[in-house]
Amino acid sequence: MWLWAFVDQGRAVDVGPFLLWGILVTALGIASGLVFDFGIASCGAIDRLQRVEWRRLRIQMVLAASVASLVVAVNLVIDPSVGAVRGICLTIIAIIGGVPAGIALLGVRAAAATGASAERSRRLNTYRELRSRSIQLLNALGTLVALTTFALGASILANAARQGIASIQVILVFGGFGTTLVAAVYQIPRSALREEGTRLAAELSPLAAPDVAGLRQELEERDRVERLLGLQTDLMSDLQSGIVIFSPLLAAATAVLIRGG
């Protein structure tokens, strides 16, 4: 892809930015392959914890990835240029790389739901393993979003004619779309895990004391158990730790809005 872009003589090309873009494209390709492999391995690890019916989940994720690819391809109609084709190709590479990870996240939800009938110690171990796995999958997908957004930014900067406030808006929209997509997929298993974690917290630290002092101690114990189970974090905190461009995107979007106003 870098060679194809580099030999395009119809645009003003600065060798430095295009070299940077080539490095980012290479990194994105490698990361997509690694995330693809990690997603497949995660499906196997989840299945060993709790048997899951994968066929329906695979169909759902492939359909979602196809819709996302079509949405991205609409950019070619809006901007029928070589630059748009490059951005679409980069995005589709990232989407393909993230499909198995998305399937694994759906598997986390299914495993958390079906494991609720097991004995408490097994449920607790399954919950902790699934929660750790879901955070790792979020980090993997967040890496793809970051690298794709950076590669798009480098591609735009390599063409002097497209620099300016409009190019910043393109990067923000692109990064925001990727972040929202990952957040939507991650929220599915996160909700199921929080329901299971809440049930476990209630079982491990019941509130049954007849007096106020006893209830206070039980509440303190419940608070400690909830922290150990990771129930006191919200979605925004998870996204900020899992998607490295989340906070910069918010800051940049605010700056663009203020400047536009």
Side-chain angles (χ1 to χ4, degrees), residues 35 38-39 41-43 45-50 52 57 98 101-146 175-176 178-254:
V35 172
F38 179 67
S42 295
C43 290
I46 293 167
D47 209 40
R48 286 189 292 273
L49 284 171
Q50 181 70 41
V52 174
L57 303 182
I103 295 172
L105 284 173
L106 295 182
V108 168
R109 179 191 62 177
T114 56
S117 58
E119 61 180 5
R120 187 178 300 166
S121 60
R122 185 171 184 273
R123 285 171 55 200
L124 182 58
N125 178 68
T126 300
Y127 169 80
R128 290 175 61 85
E129 292 289 337
L130 291 177
R131 184 174 183 275
S132 175
R133 181 68 59 170
S134 66
I135 293 174
Q136 292 172 0
L137 290 165
L138 173 64
N139 291 334
L141 292 174
T143 300
L144 292 183
V145 172
T179 301
T180 302
L181 187 63
V182 171
V185 175
Y186 174 70
Q187 178 60 22
I188 295 173
R190 183 178 181 275
S191 298
L193 286 172
R194 287 189 71 84
E195 291 178 5
E196 174 65 1
T198 301
R199 287 192 292 266
L200 285 169
E203 295 175 12
L204 294 172
S205 56
L207 303 178
D211 58 326
V212 174
L215 280 174
R216 187 180 297 113
Q217 292 179 352
E218 290 178 351
L219 283 173
E220 292 175 354
E221 178 64 18
R222 172 73 66 86
D223 184 72
R224 188 175 72 87
V225 170
E226 287 180 348
R227 284 200 303 270
L228 291 173
L229 294 177
L231 295 175
Q232 296 187 349
T233 60
D234 54 20
L235 179 60
M236 296 289 284
S237 300
D238 290 345
L239 292 179
Q240 288 177 7
S241 62
I243 305 179
V244 296
I245 63 168
F246 182 75
S247 295
L249 274 176
L250 290 179
T254 303

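Two residues are said to be in side-chain contact when any heavy atoms from C-beta on lie closer than 4.5 Å; Leu193 and Val108 meet this criterion. Looking only at side-chain heavy atoms (C-beta outward), Glu220 and Arg216 come within less than 4.5 Å of each other. In this structure, Leu130 and Pro189 have side chains that are not in contact, with every pair of non-hydrogen atoms separated by 4.5 Å or more. Between Leu219 and Asp223 there is no side-chain heavy-atom pair separated by less than 4.5 Å. Side-chain contact check for Arg131 versus Leu229: every heavy-atom pair is 4.5 Å or farther apart.
Closest of all the heavy-atom pairs between Glu226 and Ala201 is CG-CB, 4.1 Å. Closest of all the heavy-atom pairs between Ala110 and Leu57 is CB-CD1, 4.5 Å. Heavy atoms only, all atoms of each residue included: Val35 and Ala140 are closest at CG2-O, 3.7 Å. Shortest non-hydrogen contact noted between Leu207 and Arg222 is CG-NH2, 3.6 Å. Scanning all heavy atoms of the two residues, the minimum distance from Tyr186 to Ser134 falls at CE1-O, 3.8 Å. Across every non-hydrogen atom of Gly107 and Ile46, the tightest pair is O-CG2, 3.8 Å.
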query = Can you check side-chain contact (heavy atoms from CB on, under 4.5 Å) on Ile188 and Leu105, steps first, answer last?
reply = CA-CA 8 Å; Ile188 295 173; Leu105 284 173; over 6 Å; no
Derivation and outcome, side-chain hydrogen bond (donor to acceptor under 3.5 Å, both in side chains), residues Ser191 and Glu195 = CA-CA 6 Å; Ser191 298; Glu195 291 178 5; over 6 Å; no
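When atom types are taken as modelled, the side chain of Gln50 and the backbone of Ala112 share no donor-acceptor pair closer than 3.5 angstrom.
Between atom CG of residue Leu181 and atom CG of residue Leu144 there is a gap of 11.0 Å, rounded to the nearest 0.5 Å.
Applying the 6.0 Å contact sphere to CZ of Arg128 captures no more than 12 heavy atoms from other residues, nucleotides or ligands.
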